[in-house]
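Please read the structure below before turning to the comments.
Bear in mind the structure is a predicted one, so any value in this text is a computation, not a measurement.
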Amino acid sequence: SQEISPGPVSSMAHKGSCEVVELNVHLLSGELLCSLEAQSSWKGQQVLDAANQHANAGTMVIALSDEAFSFNISSTVGDMQLCSGAVLTATMATDLSDVMPLPFARAVAGKLVRRMGWPTSKWTGSHVDIDPPVPVEVHMRKEDRRRGTTDFTDSSCYVDGGVGAGCGPNRYCQADGEEEKLRSLGLTNVGTGLSSDKFWIESAPVQ
């Protein structure tokens, strides 16, 4: 289980775990976002999730970085040789929760839209290439956006639920290597009834 302490330092320590590493997360402006007590066994995604608990409403941390190394969400704190006092820089984005269900809003934050498609009848559809690609935060908030499929430059896509032949739920088709992030957002690719396990749907509400 995970325990989060109140106050400025966020602790998500597990019983019986090993070395605790205190990490400082700053915004690009230099302002301190939070201090985290991480286990050396944590993966980068867990550090990212902990930092997101301190993000302001409507925003989220989409990436962490350090000048001295490449921050990898699949590597552990120990593997990345992070030591207490290390400073990470957070890249923030709006989470689109005002126009999309929260888990999907967080899944697509920071992406670029390259194509949009929509149904024109039960069996036909149309699409438009977007060149140059535009930020998803801009595209999804357009008043004239057609509900349908939104394709991103990293090969992932989002499909609005209740649209087109067969309709179906809101769903997200992953890019390579996104599995851990999507599970942490409360999405699942198990027992979805969809055509591929690359598609993820909401499994539980995300706070």
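- Scanning for salt bridge (charged side-chain N to carboxylate O under 4.0 Å, His left out) contacts around Asp154 gives Lys111, with sequence neighbours left out.
- Residues satisfying the ring-ring contact (aromatic ring centres under 6.0 Å, His included) test with Tyr172, not counting sequence neighbours, are none.
- Evaluation of the ring-ring contact (aromatic ring centres under 6.0 Å, His included) rule for Tyr158 yields Phe104 as partners, not counting sequence neighbours.
- Taking CH2 of Trp118 as the start and OG1 of Thr150 as the end, the distance is 11.0 Å to the nearest 0.5 Å.
- The shortest side-chain heavy-atom distance between Leu36 and Val47 falls under the 4.5 Å cut-off.
- One hydrophobic cluster, built from ILVMFWY side chains closer than 4.5 Å, cannot hold both Ile62 and Leu102; they sit in different ones.
- We find the OG-CZ distance between Ser155 and Arg114 to be 8.0 Å, quoted to the nearest 0.5 Å.
- Within the structure, every pair that satisfies the side-chain hydrogen bond (donor to acceptor under 3.5 Å, both in side chains) test and touches residues 76-85, not counting sequence neighbours, is listed here: Thr76-Asp79.
- Note: the hydrophobic cluster containing Met100 also contains Leu182 (ILVMFWY, side chain heavy atoms under 4.5 Å, direct or indirect links).
- Side-chain contact between Leu112 and Val134: absent, with no pair of heavy atoms (C-beta onward) separated by less than 4.5 Å.
- Applying the salt bridge (charged side-chain N to carboxylate O under 4.0 Å, His left out) test to pairs two or more places apart or on separate chains, none has a residue in residues 85-94.
- Met60 and Leu32 fall into different hydrophobic clusters, where Ile, Leu, Val, Met, Phe, Trp and Tyr residues are linked whenever their side-chain heavy atoms come under 4.5 Å apart, directly or through other members.
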Using distance only, find each side-chain donor-acceptor pair of residues 124-133 under 3.5 Å and give its atom names and separation, not counting sequence neighbours.
residue: Thr124; atom: OG1; partner: Thr120; partner atom: OG1; Å: 2.7
residue: Thr124; atom: OG1; partner: Ser121; partner atom: OG; Å: 2.6
residue: Asp129; atom: OD1; partner: Arg115; partner atom: NE; Å: 2.8
residue: Asp129; atom: OD1; partner: Arg115; partner atom: NH2; Å: 3.2

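- Residues Arg183 and Glu180 are not paired through a salt bridge, judged by the lack of any N-O separation under 4.0 Å between the basic side chain and the carboxylate.
- Residues Arg145 and His139 meet the side-chain proximity criterion, which asks for heavy atoms closer than 4.5 Å.
- In this view, Arg147 and Asp160 satisfy the salt bridge (charged side-chain N to carboxylate O under 4.0 Å, His left out) rule, not counting sequence neighbours.
- At least one side-chain heavy atom of Leu96 sits less than 4.5 Å from a side-chain heavy atom of Arg141.
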Just do the side-chain contact (heavy atoms from CB on, under 4.5 Å) check on Leu88 and Leu82 with the steps written out, would you? CA-CA 10 Å; Leu88 302 175; Leu82 286 170; 4.2 Å; yes

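- Scored by the side chain to side chain donor-acceptor pair (under 3.5 Å) test, Gln45 finds Asp49 as partners (sequence neighbours excluded).
- Considering only residues two or more places apart in sequence or on other chains, Thr59 meets the side-chain contact (heavy atoms from CB on, under 4.5 Å) condition with Ala55, Asn56, Met92.
- Here the straight-line distance linking atom OG1 of Thr91 with atom CG of Leu28 works out to 5.0 Å at 0.5 Å rounding.
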Kindly indicate, with the supporting measurements, whether the criterion side-chain contact (heavy atoms from CB on, under 4.5 Å) is fulfilled by Cys173 and Cys157. CA-CA 5 Å; Cys173 185; Cys157 75; 3.5 Å; yes

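- Hydrophobic cluster membership is shared by Leu27 and Leu48, with clusters built from Ile, Leu, Val, Met, Phe, Trp and Tyr side chains linked at under 4.5 angstrom.
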When you look at Val61 and Leu33, which way does the side-chain contact (heavy atoms from CB on, under 4.5 Å) test go after all the steps? CA-CA 10 Å; Val61 182; Leu33 174 65; 4.0 Å; yes

The test is side-chain contact (heavy atoms from CB on, under 4.5 Å); show your working for Val77 and Gln39 and say whether it passes. CA-CA 7 Å; Val77 169; Gln39 299 297 318; over 6 Å; no

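- Among residues two or more places apart in sequence or in another chain, the side chain to side chain donor-acceptor pair (under 3.5 Å) test is passed with Asn24 by Ser35.
- Residues satisfying the side chain to side chain donor-acceptor pair (under 3.5 Å) criterion with Thr188, sequence neighbours excluded, are absent altogether.
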Can you give me every donor-acceptor pair (side chain of residues 189-201, partner residue at least two apart or in another chain, under 3.5 Å) with its distance?
residue: Asn189; atom: ND2; partner: Asp197; partner atom: O; Å: 3.0
residue: Thr192; atom: OG1; partner: Leu194; partner atom: N; Å: 3.2
residue: Ser196; atom: OG; partner: Lys198; partner atom: N; Å: 3.0
residue: Trp200; atom: NE1; partner: Gln174; partner atom: OE1; Å: 2.9

